[in-house]
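Here the structure comes first, spelled out in structure tokens, and everything after it is commentary.
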2 protein chains.
Amino acid sequence: MASPTNLKQLSAHLGLSQTTVSRALNGFPEVSEKTRQRVFEAAKHYNYSPDSKAKRLATGRSMTIGHLVPISNEHEMVNPVFADFISGASARYAESGYDLLLSLVADHEEISAYTRMASRSNVDGVVVHAPKINDHRIKLLNSLDLPFVVHGRSSGVKEDYNWVDVNNERSFFAATEHLINLGHRQLALINGLPDMDFAMRRSAGFQRALNAHGIAANDFTITSGEMTEPYGYESTQLLLQSDTPPTAILASSIIVANGVRRAITNAGLTLGQDISVLAHDDDLSYFRNDGDTPEFTVIRSSVREAGRLTADLLLSSIENQNTEKKGILLEAEFVQGNST
Amino acid sequence: MASPTNLKQLSAHLGLSQTTVSRALNGFPEVSEKTRQRVFEAAKHYNYSPDSKAKRLATGRSMTIGHLVPISNEHEMVNPVFADFISGASARYAESGYDLLLSLVADHEEISAYTRMASRSNVDGVVVHAPKINDHRIKLLNSLDLPFVVHGRSSGVKEDYNWVDVNNERSFFAATEHLINLGHRQLALINGLPDMDFAMRRSAGFQRALNAHGIAANDFTITSGEMTEPYGYESTQLLLQSDTPPTAILASSIIVANGVRRAITNAGLTLGQDISVLAHDDDLSYFRNDGDTPEFTVIRSSVREAGRLTADLLLSSIENQNTEKKGILLEAEFVQGNST
DNA sequence: GCCCAAATCCAAAGCGCTTTGGATTTCACC
DNA sequence: GGTGAAATCCAAAGCGCTTTGGATTTGGGC
């Protein structure tokens, strides 16, 4: 007999009904331990596992989580932070048998992408990446009745929603204060794109610290841009050429900080001496900034951990049918390095 | 009447059979243009699209491509190169209505992950990432009869398979020769992990050029490691401390090159003057190395483009039922920068 | 008006699983 | 040995779609 390839054949082969085999495999109590063993062995021997397409249709659950990653219209960039975030989330999904569906979607296609995903019901829930201020996706998803968790938050949004975020305002406040306490009076923040919620919060924390210490508006600068290495480089170059160059720079990511360092050393200055740099550190695996005395002083928060927590929150809200929304706020850790 | 949510309700609502509505939506010729319009309008109005779970079961095609990304056992890293690769592939999938299933799998779970994926048939094909020398996944996938394309190649493997690779041997040969022609006689290659196929080929190209120019074995060094920024930094530090420090360094990626540069400038040396650096450049969106005179001299090959080509090859081999295997070899482009 | 092919539509089977509702067997207990 | 509950198993319906095979309608040519 050819190796049984589906439930029908397998159960015929075993002299059992499909019901019994299905129940045996899915751990139902209505089947004796003896036959369960027999079923398991046969399944293993013939390398059988239930067709996921059929299983999903029968159960009505697609057992997959969608990650809809927005693509910047112009530059088609995928933030490398994303790789580490996914890696955290993926581990959690695997535990519960969920698949991870990745979809890169251009800004102007977002609404249709989410709506289609909901009406075709090929995901049980989604993760919202890179929320903007007043992000319309949240309202949309609530109205679509599709469970979701936002990685970050969106100020201005009235509705309740699940989110996992790092306390950007607070950590950038603390970081700025740290620099001020070191004696710096000319500061610059090299920030992300201004419509991003996290960038807004960082900028708010930055300015709150400046206000608290009475630093005037013409003694600091804030730049905005996609957080690439060249962006860090070019912004710093411009800052250094200004009439009142900053003595301390806050970088919105380690990658940006790499560009900042390049500009500083290219200008013949010494990092941590002529000019201080403090960065936000997502603890990216390809840019570890650790050791006894790390290169950069940072405020660190593992984005991989955020990924794991996001996945966890999403799965539990799906499986417990929670209507109650939850927010998880992570606190970044201050790490003294050589750059301040 | 409540908004129709499935085929049955929609066709009842329209006074048509499910067959006709299904055919109208799927563009079959057996339905008049008039009713097709009527169906389309209703579908749009009620925001109906066929349930993907049911569609997939009925058609027997899961309309998804799996990307199985190996995770380094120890460090749990996800290469940021991956983000750009995916972004290229994703665009191609979207064109043909395929979903992208992302699965991070630890080395020791690879066999079971692939086997399970095949027996549950929840993907129509897979992309193999980061092939090693003599990679066992190729044989496995061939025996599982699951269409696949390898991003890279695997020397030592006898069987035929689809692949998309950049000509690493040739470009590292050329790069090395370029450095030798500039007068360098002490060279170092900061390479990837030694069991990786691409690393082996790069090392081969490097050594072929050295041999061709009669450079002795003690006049060059090759290091191996996970291609992170700190790896580039530490390797370079060690090289600089040696008795015969290299005058030129070949870096296996732009990210490594960032670490190399850090070590060089930290040592008080000037990049491109005291020491030359030439890197492989995947054209990562967050590390663009362009402009009039790019920072680094590089051999460049867009990994995003490789992603697109990989996806294209995979889809066409799935849809045309090709048994004929195909290899696509990309040539890297030499770009003169400031670092040599 | 008639005929036949083309155009248009439909009823029902089937994809491979889960699950309902019920039938049959086992077994401890009196 | 008889009884009833627990244990064990099964037939059949159903998930929402596609697709086969056939029925019905339309329309051009004589």
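Chain identifiers are assigned alphabetically (A, B, ...) following the order of the sequence lines, protein sequences preceding nucleic acid strands; residue numbering begins at 1 within each chain. Just so it is clear, the model here is predicted, and its values are computed rather than measured.
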**Prompt:** OP1 or OP2 of D/dC9 sitting under 4.0 Å from any side-chain N/O of A/Ser32?
**Reply:** yes
**Request:** Under 4.0 Å between any heavy atoms, over every strand shown, what does B/Ser22 touch: base, sugar-phosphate, or nothing? Just pick one.
**Result:** base
**Distance test, side-chain N/O of B/Thr35 to OP1/OP2 of C/dC9, below 4.0 Å** = yes
**Pairwise 5' ranking along DNA chain C for B/Val21 and B/Ala54, keeping only the more 5' one** = B/Val21
**Length of the line joining A/Phe28:CZ and D/dA7:C1', which is rounded to integer Å** = 16 Å
**Asked** Looking across every strand, which nucleic acid part, if any, lies under 4.0 Å from B/Arg56 by heavy atom: base, sugar-phosphate, or nothing?
**Response** nothing
**Message:** So, does B/Tyr48 get its side chain near the phosphate of D/dG16, meaning an N or O under 4.0 Å from OP1 or OP2?
**Reply:** no
**Prompt:** Just how far, in rounded Å, is P of D/dA11 from CZ of A/Arg23?
**Reply:** 13 Å
**Complete:** Whole-Å distance, B/Glu30 CD to C/dC10 C1', equals 12 Å
**Message:** salt bridge (charged side-chain N to carboxylate O under 4.0 Å, His left out) for A/Arg153 and A/Asp197? Distances and angles first, verdict last.
**Reply:** CA-CA 7 Å; A/Arg153 276 172 289 177; A/Asp197 190 78; 5.4 Å; no
**Prompt:** Does B/Thr19 get its side chain close enough to the base of D/dT19, under 3.5 Å, for a donor-acceptor pair?
**Reply:** yes
**Message:** Checking A/Asp84 against A/Ser285: is there a side-chain donor and acceptor pair closer than 3.5 Å?
**Reply:** yes
**Request:** Decide yes or no for B/Leu68 and B/Arg137: does some side-chain heavy atom of the first lie under 4.5 Å from some side-chain heavy atom of the second?
**Result:** no
**Asked** Rounding to a whole Å, what distance do you find between B/Asn26:CG and D/dT18:P?
**Response** 5 Å
**Item:** Whole angstrom value for the distance that separates C1' of C/dC17 from CG of B/Asn122
**Value:** 14 Å
**Fill in**
For B/Val164 and B/Ala306, the nearest pair of non-hydrogen atoms, with its separation, is CG1-O, 4.1 Å
**Asked** Which whole-number value in Å describes the distance from B/Asn6 CG to D/dG14 C1'?
**Response** 12 Å
**Request:** Would you check if A/Asp195 and A/Ile133 make a side-chain contact, meaning some heavy-atom pair closer than 4.5 Å?
**Result:** no
**Request:** Would you kindly compare A/Lys55 and B/Gln18 by the position of their nearest DNA chain C nucleotide and give the one closer to the 5′ end?
**Result:** B/Gln18
**Asked** Does A/Thr20 put a side-chain nitrogen or oxygen below 4.0 Å from OP1 or OP2 of D/dC10?
**Response** yes
**Request:** Report the nucleotide, chosen from C/dT18, D/dG16, C/dC9, that has the shortest atom-to-atom distance to any side-chain atom of A/Thr59.
**Result:** C/dT18
**Asked** Can you check the A/Glu33 CD to D/dC9 C1' distance for me, whole Å?
**Response** 15 Å
**Request:** Figure out the NZ/P separation between A/Lys8 and C/dA13, and round it to whole Å.
**Result:** 14 Å
